[in-house]
Amino acid sequence: MSAHFYARRAAQLLVGLYMLVYLGFICGENMQIEGFWYYLFTGVFEAATIHYAVAKIFGPLLFGRGWCGYACWTAMVLDFLPYRVPVAPRKQIGWIRYITFAGSLIFVSALFFAHVGSIEKIMFWAFIIGNVIYYAVGIILSLAFQDNRAFCKYICPITVFLKPVSYFSLLRIQCDKSKCVSCGKCKKSVSNGC
């Protein structure tokens with residue numbers, strides 16, 4: 001294993017645990033996409049809104065989908081599974097991420113339109129239950145598709161923000177067509193991410 005691998009794992013664990021355990025469980029802030037919608041609707045500039053703006057909306061213009069590889073707490077767990085290099089070709093079910101994305105927005109909107117009391121408590125439980133579901137689905141998909149990042153590729157709602165913005169990233173991997181020998185390594189590298 002390379003030094004880059006260990007550095008990336010250390011960054012994932014440190015940032016992921018900070019956001020999941022400290023901000024999520026200890027401070028009670030929903031750092032999932034539901035929390036972003038919630039704080040956005042309330043007009044409160046909390047850690048979730050700052051995090052989404054920096055790491056997932058504007059940040060990808062600079063560093064692409066770096067969030068996925070270096071800070072995601074879902075990937076932090078999934079990357080311990082044995083399928084770092086996908087065995088099977090990519091499935092054509094990425095449209096599911098848009099349903100997850102819309103579902104999170106509809107869920108939070110419904111809470112506001114229904115004037116539900118104690119939304120903060122609901123958002124905390126949504127954070128806990130959402131993470132349990134994400135990990136369970138992620139592990140099942142990883143085992144089924146023999147790909148640690150199957151959840152990221154097919155289910156993760158965050159890629160709805162990340163993917164289109166990262167196409168304009170300043171640090172995006174570029175292909176010099178005059179030096180290309182059609183070996184496919186760049187495609188494999190890109191397909192291993194989200």
Side-chain angles (χ1 to χ4, degrees), residues 9-60 65-81 93-144 148-165 194:
R9 293 298 291 143
Q12 265 184 325
L13 288 169
L14 292 172
V15 175
L17 289 174
Y18 169 73
M19 297 186 72
L20 178 68
V21 176
Y22 179 72
L23 292 176
F25 293 121
I26 295 172
C27 295
E29 187 166 343
N30 187 329
M31 297 301 292
Q32 295 284 33
I33 193 166
E34 296 83 12
F36 170 70
W37 295 128
Y38 169 70
Y39 295 117
L40 196 63
F41 289 170
T42 59
V44 177
F45 208 60
E46 292 284 336
T49 47
I50 295 168
H51 165 68
Y52 273 77
V54 171
K56 299 171 181 168
I57 298 172
F58 301 111
R65 289 183 266 174
W67 161 258
C68 298
Y70 290 89
C72 178
W73 60 84
T74 305
M76 169 185 77
V77 170
L78 298 177
D79 278 351
F80 281 107
L81 297 171
I93 56 173
W95 52 268
I96 297 172
R97 74 173 57 103
Y98 298 102
I99 294 171
T100 311
F101 183 86
S104 68
L105 179 58
I106 291 167
F107 169 70
V108 176
S109 300
L111 292 175
F112 276 91
F113 288 130
H115 301 289
V116 174
S118 66
I119 294 180
E120 289 254 347
K121 187 179 279 189
I122 293 169
M123 294 310 297
F124 177 72
W125 282 104
F127 176 73
I128 293 172
I129 294 167
N131 274 297
V132 169
I133 291 170
Y134 278 7
Y135 288 131
V137 169
I139 291 168
I140 290 166
L141 285 176
S142 293
L143 296 173
N148 286 359
R149 294 300 181 101
F151 173 85
C152 309
K153 293 174 183 172
Y154 308 122
I155 307 292
C156 182
I158 306 310
T159 58
V160 174
F161 288 130
L162 287 172
K163 201 170 185 176
V165 177
C194 54

*Matching residue for V137 among I140, I139, I133 - test: side chain to side chain contact (heavy atoms under 4.5 Å, CB included)*: I133
*What distance do Y154 atom OH and W95 atom CH2 have between them, rounded to the nearest 0.5 Å?*
12.5 Å
*Min side-chain heavy-atom separation I33-K56 under 4.5 Å*: no
*If you round to the nearest 0.5 Å, how far is CD1 of I96 from CD1 of I155?*
4.5 Å
_Please check this pair: side chain of Q32 against backbone of A126, looking for a donor-acceptor N/O pair closer than 3.5 Å._
no
_For a 4.5 angstrom cut-off between non-hydrogen side-chain atoms, does M76 reach V15?_
no
*Are L20 and F25 close enough, and set up right, to give a side chain to side chain contact (heavy atoms under 4.5 Å, CB included), and what steps lead you there?*
CA-CA 7 Å; L20 178 68; F25 293 121; 3.9 Å; yes
*Is the distance between the ring centroids of Y38 and F127 under 6.0 Å?*
no
*asked:* Quick check for you: to the nearest 0.5 Å, what is the distance between I57 atom CD1 and F161 atom CZ?
replied: 4.5 Å
Exercise answer: donor-acceptor pairs, residues 102-110 side-chain atoms, under 3.5 Å, sequence neighbours excluded:
residue: S104; atom: OG; partner: W37; partner atom: NE1; Å: 3.1
residue: S104; atom: OG; partner: F101; partner atom: O; Å: 2.7
residue: S109; atom: OG; partner: L105; partner atom: O; Å: 2.7

_To check you understand the geometry: which heavy-atom pair defines the closest contact between S142 and A150, and what is its length?_
N-CB, 4.2 Å
*asked:* Using every non-hydrogen atom in the two residues, find where Y39 and G28 come nearest and quote the distance to one decimal.
replied: OH-O, 4.5 Å
*Over all atoms of both residues, closest heavy-atom pair of G138 and L78*: C-CD2, 3.5 Å
*Could you state the interatomic distance from SG (C27) to CD (E46), rounded to the nearest 0.5 Å?*
10.0 Å
*Go through the structure and list residues passing ring-ring contact (aromatic ring centres under 6.0 Å, His included) with F41, not counting sequence neighbours.*
F112
*So, does E29 use its side chain to make a donor-acceptor pair with the main chain of A47 at under 3.5 Å?*
yes
_Just so I know, are the side chains of Y135 and T74 near enough to count as touching, which here means a heavy-atom distance under 4.5 Å?_
yes
*asked:* Walk me through whether I93 and K153 qualify under side chain to side chain contact (heavy atoms under 4.5 Å, CB included).
replied: CA-CA 9 Å; I93 56 173; K153 293 174 183 172; over 6 Å; no
_Over 60° means perpendicular and under 30° means parallel, so tell me whether H51 and W73 are parallel, tilted or perpendicular._
tilted
*Take T100 and Y134, measure what side chain to side chain contact (heavy atoms under 4.5 Å, CB included) needs, and give me the verdict at the end.*
CA-CA 11 Å; T100 311; Y134 278 7; 3.9 Å; yes
_C156 side, atom SG; L141 side, atom CG - distance, nearest 0.5 Å_ = 12.0 Å
*Atom CE in M19, atom SG in C72: separation rounded to 0.5 Å?*
9.0 Å
*Apply side chain to side chain contact (heavy atoms under 4.5 Å, CB included) to the pair T49 and V44, showing each step before the final yes or no.*
CA-CA 8 Å; T49 47; V44 177; over 6 Å; no
